Amino acid sequence: MQRIKISEILRSEPVNTTVLVKGWVKAFRNNQFIALNDGSTANNLQVVVDFEQIDPATLERIKFGAAIGARGQLIESQGKGQKVEIKASEIIVYGDCNPEEFPLQPKRQTLEFLREKAHLRFRTNTFSAVFRVRHALAFAVHKFFNDRGFYYLHTPIITASDAEGAGEMFSVTTLPLDNPPRTESGEIDFSQDFFRRPTNLTVSGQLEAELGAMALGDVYTFGPTFRAENSNTTRHLAEFWMIEPEVAFNDLHDNMNLAEDMLRYVISYALEHCGDDLRILEERLLEEEKSKPQDQRSEMALTDKLRFVIDNDFVRLTYTEAIDILKNSNPNKKGKFQFPVEGWGTDLQSEHERYLVEKHFKKPVILTNYPADIKAFYMRQDEPKAGVPGQTVSAMDILFPGIGEIVGGSQREERLDKLQTRMREMHISEEELYWYLDTRRFGACPHAGFGLGFERLVLFVTGMTNIRDVIAFPRYPGSAEF
RNA sequence: GCUCCCUUAGCUCAGUUGGUUAGAGCGGCGGACUGUUAAUCCGUAGGUCCAAGGUUCAAGUCCUUGAGGGAGCGCCA
């Protein structure tokens with residue numbers, strides 16, 4: 001007999017047919033009612049024991065966490081709280097779960113504890129909800145781009161380029177670490193390494209995506225990304241997933257529109273398809289915030305916050321305008337900022353970004369046209385503009401409340417001479433990036449793209465607060481368990 | 001990398017100014033229960049107070065160092 005998923009059963013009418021379900025025991029009440037979950041939905045199916053047909057030895061084995069199958073009639077529930085239930089005439093225990101040894105308990109456990117039990121935390125309501133939402137968001141990303149005629153490009157994970165400037169890299173080698181071959185001058189001889197040259201894990205697929213965009217037009221990458229930075233925060237991982245669209249003939253405004261449309265689309269998708277999971281996550285957040293002082297609680301419940309983001313345009317302003325707002329802001333005048341906003345040209349501190357997003361505008365903000373000196377070499381240089389004291393580039397960062405920077409992107413510098421000048425200024429090797437410069441030599445065109453940190457998106461949508469809780473097995477300094 | 005905080009039962013925590021035998025809730029275990037919804041009720045076991053060193057008549061409590069965890073900052077997505 002074919003098993004039916006619980007999500008399907010819960011949608012169906014009580015038809016009095018015999019069905020087979022399989023899943024894990026979430027609760028066993030009154031020695032009679034099993035709450036069964038198979039991961040297909042946040043909701044449990046109530047399995048009612050038929051005492052005439054199920055022997056007591058089997059009932060003894062129905063413990064929290066055990067894997068069981070139940071066969072019986074699908075009937076209208078005689079109790080409140082659910083439409084249908086199964087009157088089980090047969091129960092098979094596939095896997096016992098000894099409650100004296102099983103670390104999870106049918107009670108609230110802290111996220112910190114569960115983080116150390118990451119191999120088991122899928123089995124909690126919170127984490128199964130998080131990972132269903134994560135899936136939905138990933139699927140929605142692909143659907144969004146596919147529906148718009150983008151091609152999914154797989155850029156390399158191992159890269160020889162160390163000139164991307166996006167942070168410290170993990171090296172990839174097969175040379176013996178204890179005794180690597182040396183050249184005559186004593187350097188490590190990478191010509192004897194697997195790739196005959198030094199290689200690293202990628203920090204970005206952008207440069208390669210640009211190559212694809214120069215023929216395919218609209219492309220995006222969605223893959224793992226590695227940063228060997230010693231970052232110890234709730235929003236950084238050493239291994240994370242990044243989405244990087246790159247579009248030929250797009251300018252900065254097209255780029256902003258694309259990013260905003262995409263964020264709005266995937267959040268809508270989650271709201272539409274993950275209602276039960278978001279309800280669980282919203283309740284979790286409410287419960288968690290009860291222990292916080294009033295002024296540190298969210299102003300909106302999770303799903304209200306998501307709807308708010310969908311229903312309102314993001315605020316767009318230039319770096320120069322942001323500096324003006326910050327300079328004249330109350331916290332700056334009263335000396336409340338740890339880093340006072342002094343003048344044009346320095347990068348914004350996270351307290352400044354938080355002020356703009358969480359206090360001043362109270363909605364997502366797109367900051368554009370940053371000073372060239374604090375941005376990457378490949379960003380397109382702007383024409384001088386009245387009221388702007390220095391050289392800027394067509395960059396954009398999207399800032400979300402509670403998350404900070406969720407998207408970073410730009411229109412790319414397509415003019416060969418300007419790109420080369422900038423590379424020289426920033427000491428980036430033209431020889432090594434000859435292939436990148438070739439795109440500017442042969443049929444160059446304006447183009448733009450951005451990087452979206454997928455886990456930061458999942459953080460925002462699930463209302464979780466630590467990025468280590470929205471990826472199954474997080475990698476961060478000092479930690480690569482499982 | 002920097003700053004601050006935490007570590008007491010399986011889990012979440014309380015533990016007064018340094019003072020007798022370290023407590024609670026939940027969970028576990030034993031029992032009751034044929035309409036429960038984190039079921040309920042009765043009973044019961046469970047402790048290297050993170051580790052090492054120090055101060056003291058006396059340390060869960062104070063000091064030093066270390067380990068593990070968390071939050072904030074920087075780097076960024």
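All values reported here derive from a predicted model rather than from experimental measurement. Throughout, protein chains are lettered first and strands after them, A, B, ... in sequence-line order, and every chain is numbered starting at 1.
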Any donor-acceptor pair under 3.5 Å joining the side chain of Asn30(A) to the base of G35(B)? no
Under 3.5 Å, is there an N or O donor on one side and an acceptor on the other linking the side chain of Gln82(A) and the base of U36(B)? yes
Nearest-Å distance once atom C1' is located in both A14(B) and G23(B): 7 Å
Are any of Thr225(A)'s side-chain N or O atoms less than 4.0 Å away from OP1 or OP2 of A77(B)? no
Quote, to the nearest angstrom, the C1' distance that separates U36(B) from A22(B). 38 Å
Side chain of Thr233(A), heavy atoms from C-beta onward: which of U12(B), G35(B), C73(B) has the nearest atom to it? C73(B)
Give Phe113(A) one of three labels, base, sugar-phosphate or nothing, depending on what nucleic acid heavy atoms sit under 4.0 Å from its own. sugar-phosphate
Under 3.5 Å for both distances, Watson-Crick or G-U wobble, that's the pair rule; now give the dot-bracket for RNA chain B, with | marking pairs to another strand and [ ] for crossing ones. (((((((..((((.....[...)))).(((((.......))))).....(((((..]....))))))))))))....
Base, sugar-phosphate, or nothing: which does Val49(A) touch, judged by heavy atoms less than 4.0 Å apart? nothing
What is the nucleic acid contact for Glu116(A), judged by heavy atoms within less than 4.0 Å: base, sugar-phosphate only, or nothing? sugar-phosphate
Could you tell me whether Gly408(A) contacts a base, only the sugar-phosphate backbone, or nothing, with contacts defined as non-hydrogen atoms closer than 4.0 Å? sugar-phosphate
Looking at the base of C75(B), is there any donor atom on it, or on the side chain of Ser231(A), that sits under 3.5 Å from an acceptor on the other one? yes
If you check every side-chain atom of Leu237(A), which of C75(B), C73(B), A77(B) has the closest atom? A77(B)
For U34(B) and Arg29(A) - does any side-chain N or O of the residue sit under 4.0 Å from the phosphate oxygens OP1/OP2? no
Select base, sugar-phosphate, or nothing to describe what Gln78(A) touches, counting heavy atoms under 4.0 Å on all strands. base
Establish, for the pair Arg456(A) and Phe240(A), whether the NZ or CZ atom is under 6.0 angstrom from the six-membered ring centre and no further than 45 degrees off its axis. no
Just call it for Gln46(A): base, sugar-phosphate, or nothing, with non-hydrogen atoms closer than 4.0 Å on any strand. base
Could you state the atom-to-atom distance from CG of Asn255(A) to P of A77(B) in whole Å? 13 Å
Tell me which nucleotide among C11(B), C76(B), C33(B) gets nearest to the side chain of Gln109(A). C11(B)
Is there a donor-acceptor pair closer than 3.5 Å between any side-chain N or O of Gln391(A) and the backbone N or O of Pro371(A)? no
Distance between C1' atoms of C4(B) and G46(B) (Å, rounded): 35 Å
Which part of the nucleic acid does Ser350(A) contact within heavy-atom distance under 4.0 Å: base, sugar-phosphate only, or nothing? sugar-phosphate
What is the nucleic acid contact for Asn466(A), judged by heavy atoms within less than 4.0 Å: base, sugar-phosphate only, or nothing? sugar-phosphate
Say we look at C26(B) and G69(B): how far apart would their C1' atoms be, to the nearest angstrom? 22 Å
How are the rings of His360(A) and Tyr355(A) set relative to one another: parallel (under 30°), tilted (30 to 60°) or perpendicular (over 60°)? tilted
Expressed in whole Å, how much space separates the P atoms belonging to G25(B) and A45(B)? 14 Å
When the P atoms of G70(B) and C11(B) are compared, how many Å lie between them, rounded to an integer? 16 Å
Phe240(A)-A77(B) aromatic stacking (under 5.5 Å, under 30°): yes
Which whole number of Å gives the distance between the C1' atom of A24(B) and that of C49(B)? 16 Å
Base-contact (B) and sugar-phosphate-only (S) positions in nucleotides 24-30 of chain B, heavy-atom cut-off under 4.0 Å, - elsewhere: -BBSSS-
For a quick check of understanding: with a heavy-atom distance under 4.0 Å over all strands, which category does Glu287(A) fall into, base, sugar-phosphate or nothing? nothing
